[in-house]
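Take a look at the structure below.
Atoms considered below: every heavy atom in the structure, side chains included; atoms not considered: hydrogens, waters and symmetry mates. Below, chains carry the letters A, B, ... as their sequence lines are ordered, and counting in each starts from 1.
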Amino acid sequence: MKAEVKELPQDIMELQMGPSHPATHGTIKFNLKLDGERVVDCDTEVGYLHRGFDKSSEQGTWTQVIPYTDRLNYVSPLINNVGYALAVERLLGVETTPRCQFIRVVASEISRITDHLTCCGMAASELGAITAGFYMIEAREMLMRIVEALTGARLTVTYVRIGGLKHDLPEGFAAQVKDAFEKTRRLLADVEKLLSHNRIFIDRMSNVGVISKETAVSYGLTGPVLRSTGVNYDVRKLQPYLVYDQMDFTVPLGSHGDNYDRFIVRVEEIEQSMRIVEQALEKMPTGPISIEDPRIVLPDKEKVYNSIEGLMHHFKIIMEGVHVPPGEVYQAVEGGNGELGFYLVSDGGGRPYRVRVRPPCFIAMGAFREMIRGYTVADIVPTFGMINMIGGECDR
Amino acid sequence: MADEIPQLEAIRRILGDAVLDAHTARGEDVIVIRRDGLVESFKRLKEDPALAFDFLSDLTAVDYFGKKEPRFEVVYHLLSLGSGRRVRVKVPVGESSPEVDSLVSLWRAADWMEREVWDMFGIRFRGHPDLRRILLYEEFRGYPLRKDYPVNQRQPLVPERALKGTFVDMRSNNKLAQLKQQLEKQKLAGADSKRG
Amino acid sequence: MIVFFILAFLTLLFSLLVVTQRNVVHSAMALAATLFVMAVLFLTLDAPMLGVLQILVYAGAIMILILFVIMLLNPLSIEARPAAWWMLGSLGAAALCLQLAALVHRPAVSAEAAVPASFGGPESIAQSLFTDFALPFGLASVLLLVAIIGAVALAQRQR
Amino acid sequence: MIVDLAIVAVKAFLVLFMVLNLAGILGWVERKGSALIQDRIGANRASIFGFAGMGLVNTLIADPIKMLTKEDFIPAHGDRLMHTLAPCLALFPALVTFAVIPFGDVLVVGGREINLQVANLNIGILYIFAMASLSVYGIVIGAWASNNKFSLLGGVRGAAQMVSYEIAMGLSVIGIVIVYGTLEPQAMVRAQGELFWGWLPAWGVVRQPLAFLLFFTAAVAETKRLPFDAPEGESEIVAGYHVEYSGGKFLMFFAGEFAEVVTAAGLVTTLFFGGWQVPYLLRDGFYFPWGSVVSLAPLTVTILQVAAFTVKVLFFCWLQIILRWTLPRFRYDQIMRLGWKMLLPAALVNLFLTAAWIVVRRPV
């Protein structure tokens, strides 16, 4: 009798968090095993937003993949555009014009800022600091207007083309950016007062979701999550693409590998990205925005309507697609959440044979179990928030 | 194709005859290695100080259906964080036994990426701790990224899965009753063992 | 008087519910209600301190803890007790009834002592707690402390 | 007798009316206030003919109508009786606590003294704590009856949090009780009319600053609002204990929360900010420390006092709203740590120092 009484009934509660849960934005499900509030095990279920990016990409022409890439990480779609276009250009063996490269840098960095702002803002508001979250969203809104002025759309931008860009910078772009950055910096200063030095926020974020350097590398983490552990890996520095080697910027690093470091790394990166944009706008060369190769870039409408060659090229690019020589290429760019790699295989036709994206947040979600085990249910929110899983990219 | 640069030479030297082919294309080093002894080869790539490819960047597969034999190629992208060198490692896999060894013991990143390849291509990874479908659901039929999977294929409807622990009626989950049942079971088991 | 009868009836009703309800949470709530009604009863008897303490300590703290435990363990159906328990229970109840009857029979005890104005007030309670009953009070506190430490130790061992 | 009863009834009705309406208004103030803080426009749809100023009144009407006309949903495996009982249990203590809070001095009308307080209990402070301790029931029962794991987590969190903070709250008030030597709110407020050194109002916050901080923190924790809203934690456990509530029952939880805000503000005002006291205002006018005197009619004085009380209460309501929209949420174990390891020892130290001071000052 005594032996039975001694054992208090203590069992593991299974809790299914998601796929429809306020914190699982992007639709994801955690099958949790809880001991009280402590997470004993967490099985992460992804795929709710799977729509067959790879398969769909194999159906259209090389150019028609670009709109699909918008929908990968829809918080920083311009980086996806740039990464894909760069990969295709490497397959083609061409390099775009200097002005195009600078504009691509500007576009990528603005996208990165919106990505980090969304991530940090959402994470803050999920911790209850809704006001700070709104400040960040307000800053993002200003940048979204810039993106809108540049591309004509907020999220589904489809701005970059193979071999160039859709169109040049709008008039008064530099002034608009300057104005927006000024406001963004002011808002970020407010956020810093509200959050970065807030004791409750620090307590919630620091020493939560800790991951060591070695584990992070083993899990293939990239971006802010990896840099928060102190590993200095930024594609822009390690393998500079576009004109990043001409830019003066630093890569902020953390040391503890916890959520607070991730937050600080992201906030610092916003500042660095703003610096890059300012430098790029200053150094912006004049000239064409696309290469002059009618087999790759659509000719001007004037040529299409007035010359038979123009019409032919237009027709061929639209109907058959850009003919990419056979081969394969892996192009990595630094996305909002880390290394965004495009592995393309061409069989020489106008359609891609295989389009593989290395989704940084899919891989980061693979390490989520490791990050959250031993912490509490409430810690899922900031940890998941700082990974910044974007359903479109994770599930493709 | 035979235009070898020092890195490839080093890889050839270290991996020996595991390398089927090594070349540079569009500025990228590509090696093709044997499927047997795959983990050993990767271990050398990772741990040899001259190479030190300590970061598994990407893992995917390509289906060369009707274009190449063997049909599949599992493609690994490795990166050396120290120097920023990359290498692409390809492993040909035949259609008859689509299986390769799992790299989870070397890089834990391989866990999810291998699950995805299994999900999309049906390539099994021997020694993977938990090889389940990841993006698709368990009842999905076929492997969608194979070239012979039609793009407009429709999947049959599946009945709702009775997941363990999805909705537990707390009234049926009476802890005391459960404890009692367990005790009774133990008693029965004890009686059985005595009898047997 | 009418108020008293209503409250007494409610008290009896709720206490019967405590025993008859099969759902443990329902009985716990009925117990809480009993305690609450009794507190109101004390208020009508000009002993507000006692009434408020009744709510504060019993309804507000102890019942909450009981509910807490019930919620965590969720024992909803009560197993049937063996007949011996019923026998013991009824014996105890009968004994209590006898005692009560004896008290009701000799009501003269309290009428003699003049009730001071501050009777049942915070001052008099505190006075008796810290002078006449200081030792039992301290002993009870130590007992509770021991119980708490024991509970913590038990819970810690589980980890 | 009947007149007395009528007066009590009128007072009770008035207080109930004021608290409930204030709760409703706070719902609007919170929306507009948060919008103000966050550079947004905020609720602007409930207006009469586009006159936005009517938004307040309209929200007061529109909110309950919206809530009451929604479907009242009881989960299939929930406990119907308890599910219905819980919101009442949550709202009830918040409303009745206000009964012992004095909102004015004794008003003399036609020779009849009317105490501007619903019930003048000589142990009012204990009554407040008794009622506060009852408010846990709503959460626990609501969480349990919903038969939802998220709400169960919320209920467990809520019960633990409220029981813990009641202790800190009670101990911090005992310091004040010792200083005033009474448990009667009206007497406490009256004692706060004194002046230190002839110019500093002897409000509770002046006598017991630490107790004020502890009490206010604990009171905010008792209202279960940010930064202490772990029992709800909408991003962690969805909405905690009221996740399965909708319609009128949710309205009761909602109103209960705001009523608790009002009550907490009323308590802080009464205990630490002089209640209805206006500095230098005595029964017949202002007596300023520099010697000037402004005579006022008794009725004017009463009106001034009630107004002062209302303004103070509104100020503390607003303070709580600002807090709610500024701070992030604590984690559950951090709340517990704060309550047990910081507030409780601090309250004990405060209590000890206060008692020592009293003993030193007045040797028995």
Verify the neighbour count for atom CZ of B:Arg126: are there more than 12 heavy atoms of other residues, nucleotides or ligands below 6.0 Å?
yes

Answer yes or no: does atom CZ of B:Arg124 have more than 12 heavy-atom neighbours from other residues, nucleotides or ligands under 6.0 Å?
no

Side chains of A:Arg354 and B:Thr60 in contact at under 4.5 Å (non-hydrogen atoms):
yes

Selection from A:Asp54, A:Val235, A:Leu91 maximising heavy-atom pairs under 4.5 Å formed with chain B
A:Leu91

Where on B:Lys90 is there a heavy atom nearer than 4.5 Å to chain A: the side chain, the backbone, both, or neither?
side chain

d(A:Tyr330 OH, B:Tyr76 OH) to nearest 0.5 Å is 15.0 Å

Keeping the roles fixed (side chain from A:Lys55, backbone from B:Tyr149), state whether a donor-acceptor pair exists under 3.5 Å.
yes

Heavy-atom cut-off 4.5 Å, strictly under: side chain, backbone, both or neither for A:Ser56 against chain B?
neither

Which atoms of A:Glu58 come close to chain B, meaning under 4.5 Å heavy atom to heavy atom: side chain ones, backbone ones, both, or neither?
side chain

By a 4.5 Å heavy-atom criterion (distance strictly below it), what part of B:Asp130 contacts chain A: side chain, backbone, both, or neither?
neither

Assert top hit (heavy-atom pairs under 4.5 Å, partner chain A, pool B:Asp119, B:Leu81, B:Leu106) equals B:Leu81

Parallel, tilted or perpendicular: which describes the rings of A:Tyr343 and B:His77, with under 30° parallel and over 60° perpendicular?
perpendicular

With respect to chain B, which residue among A:Arg358, A:Lys237, A:Arg396, A:His50 yields the maximal number of heavy-atom pairs within a distance under 4.5 Å?
A:Arg358

Answer with side chain, backbone, both or neither: which region of A:Arg90 has an atom nearer than 4.5 Å to a non-hydrogen atom of chain B?
both

Tell me, side chain or backbone of A:Pro360 under 4.5 Å from chain B's heavy atoms, or both, or neither?
neither

Side chains of A:Glu45 and B:Ile134, heavy atoms from C-beta outward: is any pair under 4.5 Å?
no

Is chain A contacted by the side chain of B:Leu79, its backbone, both, or neither, given a heavy-atom distance below 4.5 Å?
side chain

If I measure from the heavy atoms of chain A, does B:Arg88 come under 4.5 Å with its side chain, its backbone, both, or neither?
side chain

Under 4.5 Å, counting heavy-atom pairs only, tell me which of A:Tyr48, A:Phe362, A:Tyr233 racks up the most with chain B.
A:Phe362

Given the options A:Val345, A:Ile363, A:Val329, which has more heavy-atom pairs under 4.5 Å with chain B than any of the others?
A:Val329

Tell me, out of B:Val62, B:Asp111, B:Asp63, B:Leu56, who's got the most heavy-atom pairs with chain A below 4.5 Å.
B:Val62

Would you say the side chain of A:Asp347 lies within less than 4.5 Å of the side chain of B:Tyr64, judging by non-hydrogen atoms?
no

Side-chain contact test, heavy atoms from C-beta onward, threshold under 4.5 Å: evaluate it for A:Pro359 versus B:Met113 and give yes or no.
no

Ranked by heavy-atom pairs below 4.5 Å to chain A, first place among B:Lys147, B:Lys67, B:Arg115, B:Arg132 goes to B:Lys147

Do any of residues 209-222 of chain A come closer than 4.5 Å to chain B, heavy atom to heavy atom, and if so which ones, in number order?
A:Thr215, A:Val217, A:Ser218, A:Tyr219, A:Gly220, A:Leu221, A:Thr222

Short side-chain to backbone donor-acceptor contact, A:Gln59 and B:Val151, under 3.5 Å:
no

Below 4.5 Å from any heavy atom of chain A, which atoms of B:Ala61 appear? Answer side chain, backbone, both or neither.
backbone

Highest number of heavy-atom pairs under 4.5 Å with chain B among A:Met365, A:Gln239, A:Glu370, A:Arg356 belongs to A:Arg356

Can you tell me which portion of B:Arg133 sits under 4.5 Å from chain A's heavy atoms? Options are side chain, backbone, both or neither.
neither

Structural part of B:Lys46 lying under 4.5 Å from a heavy atom of chain A:
neither

Specify which of A:Leu49, A:Val231, A:Asp43 makes the most heavy-atom pairs with chain B at under 4.5 Å.
A:Asp43

Heavy-atom contact with chain A under 4.5 Å, split by part of B:Leu136
side chain

